[in-house]
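Below: one structure, written as structure tokens.
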Amino acid sequence: MEFVVVIPARYASTRLPGKPLADICGKPMIQHVYEKACLSGASKVVIATDHQKVFDAVKLFTNDVLMTREDHQSGTERLAEVVDLLKLDAETVVVNVQGDEPLLASENVSQVATLLNNSSAPMATLSVAIEEQDEVFNPNAVKVVSDINKNALYFSRASIPFDRSTMLNNNSVLDITPFQRHVGIYAYRAGFIKQYIELSVSPLEVLESLEQLRVLYHGYAIKIEQAKVAPHAGVDTAEDLEKVIAYLKAKQA
């Protein structure tokens with residue numbers, strides 16, 4: 001099986017400006033992500049940026065970097081431009097890896113690619129078991145439910161599935177076994193990426209602020225299974241960055 005990894009790397013970030021170039025143990029963050037992605041078995045790993053500083057920094061460690069437009073409204077639009085630039089066949093499996101995950105598990109990249117490749121669905125993603133009760137009720141933790149055939153039924157910021165017995169009896173102890181948190185890594189068939197950006201925005205997507213609901217709303221399948229490796233959190237803030245640096249330094253000690 002062959003698949004391509006695309007890593008979007010936007011320079012602008014409200015909470016951490018210039019995030020892709022943030023230094024982590026002597027390397028820019030985007031290089032850590034790239035090196036982890038290269039361990040996944042991908043036939044090609046490409047970084048897609050919208051800023052000359054990122055482009056120049058990436059060129060110091062790989063030639064697999066593309067300059068993309070600055071006016072994209074979403075990461076998926078940037079992905080569609082990359083599909084065009086690389087002239088990818090419609091059936092090519094493309095894995096979108098976030099550029100702010102320096103602790104990326106390469107096993108999860110190959111897992112989501114394989115999941116899609118072994119199905120007829122246009123899209124695939126992963127989940128992890130929720131281990132803390134507070135996370136069930138945290139709207140920043142996106143929950144997902146699926147069917148017996150590994151098709152996602154729904155994604156929500158609400159606590160799905162709803163444990164009727166526990167909730168209605170005001171029981172403070174909730175069985176968290178059925179709850180799965182969505183992991184934001186996606187595999188697409190290249191042709192579907194271009195279809196996706198032509199789909200109309202769905203009311204569910206607007207209500208939940210979850211773009212993947214557009215796919216389900218329009219009747220397309222999203223394959224999902226539990227990640228083989230529990231992923232580390234990405235870097236959104238300076239505090240997140242310090243945690244990653246501390247983790248890697250401890251690991252190297």
Does anything in residues 80-91 pair up under side-chain hydrogen bond (donor to acceptor under 3.5 Å, both in side chains), and if so which pairs, sequence neighbours excluded?
->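 Of all non-adjacent pairs touching residues 80-91, those that pass side-chain hydrogen bond (donor to acceptor under 3.5 Å, both in side chains) are His72-Glu81, Asp84-Lys194.
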
For the residue pair [X] and [Y], establish whether any side-chain heavy-atom pair is separated by less than 4.5 Å.
X      : Y      : answer
Leu21  : Tyr11  : yes
Gln212 : Thr125 : no
Val94  : Leu88  : yes
Val112 : Tyr186 : no
Val65  : Val46  : no
Arg10  : His51  : no
Val109 : Val97  : yes
Thr76  : Ile193 : yes

Shortest non-hydrogen contact from [X] to [Y]?
X      : Y      : result
Leu116 : Ala121 : CD1-O, 3.1 Å
Ser110 : Phe3   : CA-CZ, 4.1 Å
Gly99  : Ile7   : CA-CG2, 3.6 Å
Leu115 : Ala124 : CD2-CB, 4.0 Å
Val136 : Ile130 : CG2-CG2, 3.9 Å

Approximate separation, where rounding is to 0.5 Å, of [X] [atom1] and [Y] [atom2]:
X      : Y      : atom1 : atom2 : value
Leu66  : Arg78  : CG    : CZ    : 11.0 Å
Asp50  : Met67  : CG    : CE    : 8.0 Å
Ser127 : Phe179 : OG    : CZ    : 13.5 Å
Arg157 : Leu207 : CZ    : CG    : 11.5 Å
Lys59  : Ile47  : NZ    : CD1   : 11.0 Å
Asn108 : Leu126 : CG    : CG    : 5.5 Å

Residues Glu107 and Lys228 bridged, charged N to O under 4.0 Å | no

Are the charged groups of Glu2 and Lys44 less than 4.0 angstrom apart, N to O?
-> no

Determine, step by step, whether Arg214 and Glu205 satisfy the salt bridge (charged side-chain N to carboxylate O under 4.0 Å, His left out) criterion, reporting the C-alpha distance in whole Å, the side-chain angles of both residues, the deciding distance to 0.1 Å, and the verdict.
-> CA-CA 6 Å; Arg214 187 183 310 183; Glu205 164 190 1; 2.6 Å; yes

Are the aromatic ring centres of His218 and Tyr196 under 6.0 angstrom apart?
-> no

Ring centre gap for Tyr220 and Phe192 strictly below 6.0 Å | yes

Would you say the side-chain atoms of [X] pair up with the backbone N or O of [Y], donor to acceptor, closer than 3.5 Å?
X      : Y      : value
Asn149 : Asn151 : no
Thr68  : Thr49  : yes
Asp240 : Asp236 : yes
Arg181 : Lys143 : no

Establish, from distance only, whether the side-chain atoms of Asn117 and Thr114 form a donor-acceptor pair under 3.5 Å.
->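 Side chains of Asn117 and Thr114: no pair found under 3.5 Å.
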
Going by the salt bridge (charged side-chain N to carboxylate O under 4.0 Å, His left out) test, which pairs reach into residues 96-105, not counting sequence neighbours?
-> Lys19-Asp100

Using a cut-off of 6.0 Å, state whether more than 12 heavy atoms not belonging to Glu132 lie near its atom CD.
-> no

Count the heavy atoms of every other residue, nucleotide or ligand shown that sit under 6.0 Å from OH of Tyr154, and state whether that count exceeds 12.
->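 Atom OH in Tyr154 is packed in, count exceeds 12.
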
